[in-house]
Engineer: 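For reference, the structure I am asking about is given below.
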Amino acid sequence: MTGVLATMFAVAFGAATLLPLQSEIVFTAFQIQAAVPLWALLLVASVGNTLGSVLNYALGWQIPRFRDKRWFPVTEAQLDKAQSWFTKYGKWSLLLSWAPLGDAITVAAGVMRTPLIVFVLLVGFAKTARYVVLAAAVVGGGELLS
């Protein structure tokens with residue numbers, strides 16, 4: 001049981017970063033296996049995925065220190081575009097942190113110094129809602145509440 005939850009946490013955490021991982025596949029497989037209670041799987045996946053986004057936020061917070069370095073992988077134009085986009089859509093764009101471009105949004109939130117509590121609440125809600133919808137789709141919705 002703890003191995004399943006540890007694996008789910010690690011994959012969910014990694015998937016929220018720039019690593020090419022898919023936590024949905026692992027989540028669904030573990031849900032179908034029913035090796036752990038669904039509530040535990042939801043909790044661990046949500047916390048892991050949210051904390052992975054907090055790592056992105058922390059990296060974004062540090063970007064201004066490195067933006068003038070030649071080795072920095074993001075151009076000034078790309079950074080300006082991301083900041084402009086985040087300024088336009090603001091903190092509510094964090095509700096899309098579960099989507100394919102969500103990693104970039106969470107990094108931009110760090111660059112733009114979004115308050116950490118606001119970040120965690122919005123990202124945590126979005127990540128948890130995504131796993132709840134996924135779990136409901138797997139079981140057809142009926143078993144999710146039982």
Side-chain angles (χ1 to χ4, degrees), residues 1-67 69 71-75 78-79 81-83 85-146:
M1 178 170 165
T2 56
V4 168
L5 293 177
T7 300
M8 185 71 255
F9 180 88
V11 172
F13 183 94
T17 67
L18 300 175
L19 295 174
L21 297 173
Q22 294 294 318
S23 64
E24 297 85 359
I25 295 167
V26 175
F27 180 89
T28 300
F30 286 154
Q31 181 183 353
I32 291 169
Q33 289 175 2
V36 296
L38 182 56
W39 68 265
L41 193 61
L42 281 165
L43 178 67
V44 168
S46 298
V47 169
N49 212 237
T50 300
L51 288 176
S53 291
V54 170
L55 176 62
N56 290 345
Y57 173 89
L59 292 172
W61 191 277
Q62 296 301 314
I63 281 178
R65 290 180 45 198
F66 303 111
R67 73 189 298 169
K69 305 291 184 193
W71 53 264
F72 189 66
V74 179
T75 67
Q78 290 171 320
L79 195 54
K81 183 177 180 180
Q83 288 176 300
W85 187 89
F86 195 81
T87 299
K88 180 177 180 181
Y89 296 104
K91 64 186 176 199
W92 299 110
S93 64
L94 290 168
L95 292 173
L96 296 174
S97 60
W98 61 269
L101 294 176
D103 297 343
I105 296 169
T106 59
V107 171
V111 172
M112 300 302 290
R113 304 295 199 254
T114 301
L116 183 59
I117 188 69
V118 171
F119 177 89
V120 170
L121 289 173
L122 291 172
V123 171
F125 174 80
K127 303 285 190 164
T128 301
R130 186 252 327 261
Y131 286 118
V132 168
V133 169
L134 179 60
V138 170
V139 298
E143 296 174 38
L144 187 61
L145 299 175
S146 56

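Computed from heavy atoms alone, side chains included, the values below leave out hydrogens, waters and symmetry copies. The model shown is predicted, which means the values in this text are computed figures rather than measured ones.
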Engineer: Rounded to the nearest 0.5 Å, how far does CG of L59 lie from CD1 of I63?
Structural biologist: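 I63 CD1 to L59 CG: 7.5 Å, rounded to 0.5 Å.
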Engineer: Given side chains that start at C-beta, do those of V138 and F27 come closer than 4.5 Å, heavy atoms only?
Structural biologist: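 No; the side chains remain at least 4.5 Å from each other.
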Engineer: Test your reading of the model: is there a side-chain donor-acceptor pair from D103 to the backbone of N56, 3.5 Å cut-off?
Structural biologist: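 Checking the backbone N and O of N56 against the side chain of D103, no donor-acceptor pair under 3.5 Å is found.
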Engineer: With rounding to the nearest 0.5 Å, note down the distance linking OG1 in T50 to CG in L55.
Structural biologist: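 T50 atom OG1 to L55 atom CG measures 13.0 Å (nearest 0.5 Å).
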Engineer: Can you give me the closest heavy-atom contact between V118 and K91, atom names plus distance?
Structural biologist: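 Closest heavy-atom pair between V118 and K91: CG1-CD, 3.7 Å.
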Engineer: Measure the CG-CZ distance between L51 and F9 for me, rounded to the nearest 0.5 Å.
Structural biologist: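 So the CG of L51 and the CZ of F9 are separated by 5.0 Å.
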Engineer: Do Y131 and S23 have a side chain donor and acceptor closer than 3.5 Å?
Structural biologist: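 A donor-acceptor contact under 3.5 Å links the two side chains.
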Engineer: What's the shortest heavy-atom distance between A126 and L95, and which atoms?
Structural biologist: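 Scanning both residues completely, I find the closest heavy atoms to be CB-O, 3.5 Å.
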Engineer: Between F119 and S53, what is the shortest heavy-atom contact and its length?
Structural biologist: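 For F119 and S53, the tightest heavy-atom pair comes out as CZ-O, 3.4 Å.
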Engineer: How close do S97 and K127 get, heavy atom to heavy atom, and via which atoms?
Structural biologist: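 Where S97 meets K127 most closely, the heavy atoms are O-NZ, 3.3 Å.
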Engineer: Of all residues at least two apart in sequence or in a different chain, which pass the side chain to side chain contact (heavy atoms under 4.5 Å, CB included) check with L96?
Structural biologist: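 Result, side chain to side chain contact (heavy atoms under 4.5 Å, CB included) vs L96: W98, I105.
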Engineer: Quick one: pull up CG in L94 and CZ in F125 and give me the separation to the nearest 0.5 Å.
Structural biologist: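 The CZ atom of F125 is 13.0 Å from CG of L94, to the nearest 0.5 Å.
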Engineer: Given 3.5 Å as the limit, does a donor-acceptor pair link the side chain of T28 with the main chain of I25, or not?
Structural biologist: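 A pair under 3.5 Å: no.
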Engineer: For L42 and V132, which heavy atoms make the closest approach, and how far apart are they?
Structural biologist: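 Heavy atoms of L42 and V132 come nearest at CD2-N, 3.8 Å.
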Engineer: On a heavy-atom basis, which atom in G60 and which in V111 lie closest, and how many Å separate them?
Structural biologist: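 In terms of heavy atoms, the two residues are closest at O-CG2, 3.2 Å.
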Engineer: Is there a donor-acceptor pair under 3.5 Å between the side chain of Y57 and the backbone N or O of V120?
Structural biologist: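 Answer holds: no.
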Engineer: Has S46 got a side-chain atom pairing as donor or acceptor with L43's backbone, closer than 3.5 angstrom?
Structural biologist: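 It does not hold such a pair.
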Engineer: Side-chain contact test, heavy atoms from C-beta onward, threshold under 4.5 Å: evaluate it for M8 versus V36 and give yes or no.
Structural biologist: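 Counting from C-beta outward, M8 and V36 never come under 4.5 Å.
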Engineer: Just verifying a value: how many Å separate L122 CG and T106 OG1, rounded to the nearest 0.5 Å?
Structural biologist: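 Rounded to the nearest 0.5 Å, the CG-OG1 separation comes to 12.5 Å.
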